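Every chain is numbered from 1 and lettered A, B, ... according to where its sequence line falls, protein lines coming before strand lines. Values in this document were obtained by computation on a predicted structure and should not be read as measured data.
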Protein chains: 2
Amino acid sequence: MNVQRHVPAMYHQIADVLRGEIDRGTHPAGQPLPTERELCEQYSVSLTTIRRALAILREEGLITTRRGAPSAVRECPARRTVVMGRGSKLTCRMPTTTERFAMGIDRGVPLVEVRDRLGHVEVFLADQVEVLSPEGLASATTRVMDFA
Amino acid sequence: MNVQRHVPAMYHQIADVLRGEIDRGTHPAGQPLPTERELCEQYSVSLTTIRRALAILREEGLITTRRGAPSAVRECPARRTVVMGRGSKLTCRMPTTTERFAMGIDRGVPLVEVRDRLGHVEVFLADQVEVLSPEGLASATTRVMDFA
DNA sequence: GAGTATTTGTACGTATGTATC
DNA sequence: GGATACATACGTACAAATACT
């Protein structure tokens, strides 16, 4: 039948190891990771493979990399609580590269857009906010309206 | 001195051109892009550079790439409208690689997590939902509570 | 279904540029 | 200025999934 055990690519495996270490606090927030060369030797792989592993963690918003400086674990900022106005609509998306450069947004950080009933739009960095629905009476569960 | 006009990397420039073409409908949703080799010739750059340009568009959720098949413009699915329960909290983040594989999520698609007052969590793909705050009286504007 | 061509994915190497320390 | 470290860009080869005949 040839079930074909899928072996994850080396750079995925390395990203998984590093992610685990970050989660367990082996590399505390704000602290530098080993340099790319060091990681190459540590895992006996090429620079390319290490850089792809780091790219994954960057896309997940776990680390930041800057030219000339060692890669570092991203410090997750404290989240502000934002209360949605009644009848506001919220969507979430990745910023364009232009937006990232203009607003200095790290890779792997989505945007939250809240549009109120007057059409005014507010944009937040997803990792810095927690959106609260307004208190009130009734319904404690999320309702899904499916138009499909 | 030495203002050093910052010249964007070639792969950024190419990504910008392709993004523009996608936005203008030159490459309609669901349709394949030119192959990587064709793009190499078209822009007179190496395969590496083209692949990095495509990686950007992938991170932005604009295209999908699959081994063996040509890269294609992502079709943006119709958004369901989800109504938040009162007192629910919403956060948004990138999925982990594990989640992406397990749930078959394309790169560049954030997750929306809604936690109701009982602690129950619902997860949505960010590009498939629009979250509505419950209707009611009062406040039409978004209130920000800053604890800093 | 079988076989082949196409296309992207993975992984290696090398050289040079540029920002940071 | 020098050393360090990441960024950009070229190249190559083979693997694996898909698409086509």
Residue whose nearest DNA chain C nucleotide is more 5′ - A:Met10 or A:Arg37 = A:Met10

request  = Ignoring backbone atoms, test whether A:Ser71 places a side-chain nitrogen or oxygen under 4.0 Å from the OP1 or OP2 oxygen of D:dA5.
outcome  = no

query = How would you label the contact of A:Thr65 with the nucleic acid (heavy atoms, under 4.0 Å): base, sugar-phosphate, or nothing?
reply = sugar-phosphate

key: Nucleotide of D:dG11, C:dC12, D:dT8 approaching B:Ser46 most closely (side-chain heavy atoms)   = D:dG11

inquiry  = For the backbone of B:Gly85 and the side chain of A:Ser133, can you confirm whether one donor and one acceptor N or O come within less than 3.5 Å of each other?
reply    = yes

Donor-acceptor contact present, side-chain B:Arg79 to main-chain B:Val129, <3.5 Å = yes

ask   = What's the CZ-P distance between A:Arg52 and D:dA7, to the nearest Å?
value = 15 Å

query = Can you check whether A:Ile56's main-chain N or O pairs, donor with acceptor, with A:Glu59's side chain at less than 3.5 Å?
reply = no

inquiry  = For A:Asp127, is there an ion pair with B:Arg93 - N to carboxylate O distance below 4.0 angstrom?
reply    = no

query = Atom CG of A:Leu57 to atom P of D:dC6: distance rounded to whole Å?
reply = 13 Å

request  = Using a cut-off of strictly less than 4.0 Å, decide whether B:Tyr11 has a side-chain nitrogen or oxygen near OP1 or OP2 of D:dT8.
outcome  = yes

request  = Output yes when at least one side-chain N/O atom of B:Arg66 is less than 4.0 Å from OP1 or OP2 of D:dA19, else no.
outcome  = yes

